[in-house]
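Below is one structure, written out as structure tokens; the observations come after it.
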Amino acid sequence: MRLMAVVLAAGAGTRMKSDLPKVLHPVAGLPMACWAVERALASGADRVAVVLKHGRELVEPALASRYADNPRVVFCTQGPLDGTAGAVLAAREHFHDFAGSVAILYGDVPNLPQEVLDGLIRLHADAGCPMTLVTAHDPSPNRYGRIVRDADGRPLRIVEFADASAEERALQEVNVGLYLVEAAFLDRALDRIDDSNEQQEFYLTDLVAIAAAEGTPAAALVAPDIAPLHGVNRRSELARAEAWAQARLRERWMDEGVTFLAPDSVRLEVDVQLSRDVEIAGGVSLLGRTRVGSGTRIEPGCHLRDTTVGDAVTLRAGVYAEETAIGDHCAIGPWVHLRPGTQLEEGVRIGNFVETKQAVFGPGAKASHLSYIGDADVGAGANVGAGTITCNYDGQRKHRTVIGRGAFIGSDTQLVAPVTVGDGAYVGAGTTVTEDVPEGALALSRCRQRNIDGWAERKRERADNPDEPSS
Ligand code: UD1
Ligand code: CA
């Protein structure tokens, strides 16, 4: 059976009360509409036509960037926003001459399980009906379309909440908004849908009544659980969808050997990759394309975005890292800010209140306390003392600092870039380094200390006898 898909993502999403189009609101870091596209691609659709309209100038680039390398994903534009049937019509050029089935997915059902879509495809192939839909039982069915069945239990029609009688509203079998339709039937039936209903919209759901009227009623797959099939129309439903997605992601990683010490407080995004024996404490966010190697421990409150962490690393509380690479056996934190372009090789130690940016630390290098290291190369085994600052910015441009292998930078040093400290060189505490330090040398730039004997005693005497002339 040949398969293509249409994803409906043109609606305004008014009930979200947002400047961001509804289908771009992320769930587990992925725009809602992408979840539908991913499912359709995974089910083997030759083509996935995404129907856009509201906020197209924002939605299309967001989706196109994710599927830039995938010619199967194409975009169509709906005319007036006149309902879900109108949206499908916008993709007509793709199914008009298509000899196969069309899966229709709504772009606001982010947790749709792949098994449900795959089950729908199997049932449709077996049932031999012009269309098959997915329904579910919902004890508080709210505003969902209700499934009306005939005396033999076959789907007769879907009645939208706005049009339903009290009796129909009492029905608890609902339409979740996922269909598989023969392209020829779809192409023909769409022309028979009108907008003579309470909302004056063209309802895609009318397909069910058309199939029944033609004497070939739809088949229905009754999903075992409505929870993952809830559509998102308002913020409370977005929060519920996010919680569901998070729980699924955590379960997936637990099955791969990850320990969560306070599972409900951890946020993961969909593209994050974890490994065996990773331990994650509470309040941790792992976002974007973050990867964490095996045996790594992440203490409370860490926030990592697009960051790669090696094996057996310790991230103590409050590590905030973006676009950073952390090698095996590093120990970082607590309270550390690793900004984009930070690269820490194996066994690096970064201690409390250190900020780094575009900084490469060689194996075993250390910066243990209170430092800013930006636009710098720190050689293997070098020790950066407390309070060291790279002065990388002259008000116009950024400059690089190079610290050689095994160099020792004393506490409270300023390195005025561009500047190089040679391999094995020492910089005395409190030095302002403005010139390169040769390999193996000691740099000192502080005035010689002078001790004035008895000065404190004399100061006290003056304070006690303010009228006496000073001696
Ligand atoms: C729809 C169904 C309802 C079902 C529910 C499940 C219809 C008529 N009703 O109602 O039976 O129980 O979903 O969640 O289909 N869209 C467009 N263009 C439009 C209108 C909508 O692309 O002109 C898109 C939206 O972006 C959204 C999807 O279609 O992704 C569903 O639209 P929405 O308005 O949320 O429909 P519901 O009222 O939830
Ligand atoms: Ca909806």
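When a ligand or atom number is given, it counts from 1 through the structure's own listing order. The first residue of the sequence shown is numbered 1, and numbering continues consecutively from there.
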Kindly indicate whether a cation-pi arrangement holds for Arg169 with Phe161, taking the cut-offs as under 6.0 Å to the six-membered ring centre and within 45° of the axis.
-> yes
If you check every N/O/S atom of Asp108, which is the one nearest the Ca ion (ligand 2)?
-> OD2
Taking atom CZ of Arg297 as the centre, report whether more than 12 heavy atoms of other residues, nucleotides or ligands fall under 6.0 Å from it.
-> no
Using a plain distance cutoff, I'd like to know if [X] has any nitrogen or oxygen under 3.5 Å from a nitrogen or oxygen of ligand 1.
{"X": "Gly83", "value": "yes"}
{"X": "Tyr203", "value": "no"}
{"X": "Thr205", "value": "no"}
{"X": "Leu8", "value": "yes"}
{"X": "Tyr144", "value": "no"}
{"X": "Ile158", "value": "no"}
{"X": "Tyr179", "value": "no"}
{"X": "Ala10", "value": "yes"}
{"X": "Gly145", "value": "yes"}

Pairing of Asp271 and Arg289 as salt bridge, 4.0 angstrom limit | yes
Measuring to protein heavy atoms, does anything land under 4.0 Å from atom 12 (O) of ligand 1?
-> yes
Heavy-atom gap Arg15 to ligand 1 smaller than 4.0 Å | yes
